[in-house]
Amino acid sequence: MEKCHAGSACSSKIVTRFAPSPTGFLHIGGARTALFNWLLARHYGGKFLLRIEDTDRARSTQEAVEAIFNGLKWLGIEWDNEPVFQFSRAQHHVELAKQLVEQGKAYYCYCTPEELEVMREEAKARGESPKYNGMWRDRDPNTAPEGIPPVIRLKAPLDGETVLHDIVQGTVTVANSQLDDMILVRSDGTPTFMLSVVVDDHDMGVTHVVRGDDHLTNTFRQIQIYNAFGWQIPQYGHIPLIHGPDGAKLSKRHGALGVEAYRDMGFLPEAVCNCLLRLGWSHGNDEIISMQQAIEWFTTDNLGKSASRLDFQKMEKLNSHYMKEADNKRLLNILLEFDKNISEEKQKRLLLGMNGLKQRAKTTLELRDMASIYIEDYIPPVASDPAVFEILQDSREVLQALNEWTEEKLDHCLHDLAARKELGFGKIAQPLRSVLSGRKITPGIFEMLFAFGKDESMRRLDIALGQL
RNA sequence: GUCCCCUUCGUCUAGUGGUCUAGGACAUCGCCCUCUCACGGCGACAACAGGGAUUCGAAUUCCCUAGGGGACGCCA
């Protein structure tokens with residue numbers, strides 16, 4: 001089979017995958033990994049597969065599986081085919097490991113965890129990396145102790161080196177003496193992650209693996225497993241991890257939240273994706289990149305090698321951009337998620353006023369807050385300042401006389417009034433703003449009058465003038 | 001401890017030996033626009049971790065140091 005490099009034109013279809021373990025929510029780092037793999041597949045017209053690595057039965061939960069599915073869906077990352085549940089393939093993994101034993105490429109090891117602990121301590125004491133010393137590697141299985149269930153270990157090469165041509169990190173070499181004979185099958189008969197990943201990636205036809213660089217050293221072990229099976233190794237790209245705002249490892253306190261937490265903070269999925277995309281990937285000086293554009297541009301060529309931090313201010317800026325772009329109907333639906341009991345009439349009002357709302361709201365939370373001017377039944381107090389009272393009275397007069405209740409006409413007649421009275425327009429706008437909304441900060445006055453409609457606008461004016 | 005990786009403005013980054021007195025974006029600070037707030041426009045501030053070497057020339061190549069990160073599980 002011909003080798004296929006992600007960075008260059010590629011004739012055969014590429015297959016990428018996202019392989020989370022369902023032990024928690026889909027956090028921001030995982031989301032970015034999924035995004036990159038998805039983008040890569042879409043860019044080359046290949047496939048993006050999803051595999052749930054649930055071989056750790058104790059820690060895997062159904063809730064986590066749901067959270068991952070929902071998180072990906074929310075972000076708009078759609079996978080091809082049915083998700084593969086790794087545990088369902090465990091038997092197959094073990095069978096293959098046994099074949100390796102038969103071929104002399106793997107062996108049974110009867111060490112106890114206690115013995116291993118001692119080994120590691122000794123290696124450390126000698127200044128070596130802590131590893132298994134291979135004591136059962138060539139030992140006669142007939143000398144096996146009674147009653148100890150063995151593990152299966154890979155007979156890894158003792159000398160030489162393992163070389164990885166990483167599409168992000170470049171060529172990385174590790175001396176085989178650094179690596180030990182890793183466990184393929186546990187003493188309880190279940191396969192380990194190392195074995196399962198290799199077998200599944202191979203069986204699923206995965207051609208490109210983009211993952212966090214915390215897997216970099218695992219890769220060398222996995223390459224050895226590929227070699228033992230005689231399979232072709234996929235292209236690997238190890239991307240740097242995302243750090244918290246303080247540069248330290250991502251923790252629950254800052255960024256290691258589920259993607260749904262970003263939704264709850266008021267972010268739109270496209271803003272989260274755009275922000276994630278720019279963490280460790282770039283396309284010249286482009287900042288605002290739609291997913292469509294990203295698919296067109298994304299290759300592994302522009303992936304960065306250094307770790308980055310999540311910048312909430314930038315995400316907010318991006319979000320405010322996508323808020324402005326968002327369809328008004330969609331935004332209304334988001335508001336309805338916050339409050340299902342908005343009357344039809346007020347929904348119409350919101351739709352009319354949405355343009356002014358969305359260009360001011362950085363998040364959906366802010367949108368909800370600002371939108372309340374159109375939802376609450378505000379009753380203005382009667383104007384006490386004589387000057388303000390007069391302005392409101394004059395305003396009422398010209399507004400009442402207006403036949404066409406459009407923003408343009410409203411603009412004209414109120415500016416006319418200001419000119420006739422020789423007042424700065426703010427002298428008229430501020431009292432009106434206050435009467436209509438009870439707030440100092442709102443969308444433009446004409447838009448508000450328009451959204452409220454003539455009847456409601458006049459009603460609130462009358463109340464403020466003590467007429468009702 | 002051992003191995004591996006990383007290091008450009010506060011942050012995300014552009015930059016692949018000369019076009020760099022290092023560009024953009026976010027943040028910050030001014031000014032302008034203006035019915036408030038935003039938006040927008042203009043401008044300011046601000047970085048090649050340090051030291052050697054190669055070269056006519058280095059942010060870009062090599063080495064060392066420092067700092068940061070990751071891995072070293074019968075977790076994934």
Side-chain angles (χ1 to χ4, degrees), chain A residues 19-23 53-56 58-60 86 109 111-113 116-117 120 123-131 149-153 164 166 168-170 172-175 177-180 182-190 192-194 196-197 212-218 220-221 238 240-241 243 245 247-249 275 278-288 302 304-318 320-321 324 356 359-362 366 370 411 414-415 418 424-434 437 439-446:
Chain A
S21 56
T23 53
E53 308 221 316
D54 55 351
T55 53
D56 184 343
R59 295 197 299 153
S60 298
Q86 191 160 61
C109 164
C111 286
T112 61
L116 293 171
E117 187 55 37
R120 289 194 196 99
K124 265 189 174 175
R126 284 194 304 270
E128 294 169 11
S129 72
K131 54 175 200 154
V151 299
I152 296 178
R153 283 181 185 272
L164 166 65
D166 194 276
V168 176
Q169 304 290 340
V172 185
T173 304
V174 160
S177 59
Q178 289 295 323
L179 276 16
D180 61 5
M182 81 213 79
I183 292 175
L184 266 21
V185 178
R186 301 186 187 94
S187 55
D188 67 359
T190 59
T192 60
F193 157 79
M194 255 353 139
S196 295
V197 183
D213 72 6
D214 50 336
H215 281 283
L216 189 65
T217 50
N218 286 333
F220 294 96
R221 298 169 184 277
H238 288 92
L241 269 17
H243 290 162
K249 206 173 177 178
C275 192
R278 288 289 290 105
L279 249 38
W281 182 83
S282 59
H283 183 271
N285 281 335
D286 293 302
E287 295 289 346
I288 290 173
N302 301 314
K305 298 173 81 171
S306 53
S308 52
R309 309 176 190 200
L310 194 58
D311 185 350
F312 280 92
Q313 287 176 316
K314 194 156 188 172
M315 198 191 281
E316 211 166 66
K317 177 70 180 183
L318 251 11
S320 73
H321 168 83
K324 289 184 192 75
Q359 63 180 288
R360 288 173 174 77
K362 290 198 285 291
E366 286 185 11
M370 286 190 227
D411 188 327
L414 286 174
H415 268 108
F425 187 71
K427 292 283 187 221
I428 292 177
Q430 276 309 58
L432 277 176
R433 186 188 315 286
S434 181
S437 69
R439 299 195 180 198
K440 289 198 173 76
I441 298 172
T442 72
I445 194 72
F446 311 120

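Being a predicted model, the structure only gives us computed values, none of them experimental.
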Say you pick atom [atom1] in [N] and the same atom in [M]; how far apart are they, in whole Å?
N      : M      : atom1 : answer
U60(B) : U13(B) : C1'   : 16 Å
A47(B) : U8(B)  : C1'   : 5 Å
A14(B) : C33(B) : P     : 38 Å
G70(B) : C45(B) : C1'   : 35 Å
C26(B) : G40(B) : P     : 8 Å

(message) Restricting to ring pair (Phe, Tyr, Trp, His ring centres under 6.0 Å), what partner residues turn up for His215(A), sequence neighbours left out?
(response) Phe193(A)

(message) I'd like to check, for His215(A), whether its ring lies over the base of A76(B) with centroids under 5.5 Å apart and a plane angle smaller than 30°.
(response) yes

Which residues pass the salt bridge (Lys or Arg N to Asp or Glu O under 4.0 Å) test with [X], sequence neighbours left out?
X         : value
Lys314(A) : Glu287(A)
Asp54(A)  : Arg57(A)
Asp166(A) : none

Which whole-number value in Å describes the distance from [X] [atom1] to [N] [atom2]?
X         : N      : atom1 : atom2 : value
Asn285(A) : G24(B) : CG    : C1'   : 4 Å
Glu117(A) : G73(B) : CD    : P     : 9 Å
Asp56(A)  : C74(B) : CG    : P     : 13 Å
His238(A) : A71(B) : NE2   : C1'   : 11 Å
Asp213(A) : C72(B) : CG    : P     : 13 Å
Asn302(A) : C12(B) : CG    : C1'   : 15 Å
Lys305(A) : A59(B) : NZ    : P     : 19 Å
Arg126(A) : C3(B)  : CZ    : C1'   : 16 Å

Scan [X] against the nucleic acid and name what it touches under 4.0 Å (heavy atoms): base, sugar-phosphate only, or nothing.
X         : result
Pro130(A) : base
Leu318(A) : nothing
Thr173(A) : sugar-phosphate
Cys109(A) : nothing
Val151(A) : base

Confirm from the modelled atom types if [X] and [N] form a donor-acceptor pair under 3.5 Å, side chain to base only.
X         : N      : value
Ser187(A) : C74(B) : yes
Asn218(A) : A71(B) : no
Lys314(A) : C12(B) : yes

(request) By nearest nucleotide on RNA chain B, pick out whichever of Gln86(A) and Ser308(A) is the more 5' one. (result) Ser308(A)

(request) Return the 5'-most residue of the pair Phe220(A), Gly284(A) with respect to RNA chain B, ranking by each residue's nearest nucleotide. (result)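 Here Phe220(A) is the residue nearer the 5' end.
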
(message) So does Arg59(A) get a backbone contact from the side chain of Thr23(A), meaning a donor-acceptor N/O pair under 3.5 Å?
(response) no

Who does [N] pair with, Watson-Crick or G-U, both distances under 3.5 Å?
N      : result
U11(B) : A25(B)
C3(B)  : G70(B)
U55(B) : none
C39(B) : none

(message) Just N and O in the side chain of Arg153(A): are any of them under 4.0 Å from OP1 or OP2 of G73(B)?
(response) no

(message) Please confirm whether the shortest side-chain N or O distance from Ser282(A) to OP1 or OP2 of A14(B) is below 4.0 Å.
(response) yes

Nucleotides 47-51 of chain B: which of its N/O atoms have a protein N/O under 3.5 Å away?
none

For [X], all residues meeting side chain to side chain contact (heavy atoms under 4.5 Å, CB included), sequence neighbours excluded:
X         : answer
Arg221(A) : Leu179(A), Asp180(A), Met182(A), Met194(A)
Lys317(A) : Ser320(A)
Asp286(A) : His283(A), Ile289(A), Trp297(A)

(message) Protein within reach of the bases, or only the backbone? For nucleotides 28-46 of chain B, mark each nucleotide 5' to 3' as B, S or -, using heavy atoms under 4.0 Å.
(response) -------BBBBSS------

(message) Before you tell me yes or no, could you show the steps for Gln169(A) and Lys305(A) under side chain to side chain contact (heavy atoms under 4.5 Å, CB included), namely the whole-Å CA-CA distance, both residues' side-chain angles and the distance that decides it to 0.1 Å?
(response) CA-CA 7 Å; Gln169(A) 304 290 340; Lys305(A) 298 173 81 171; 4.0 Å; yes

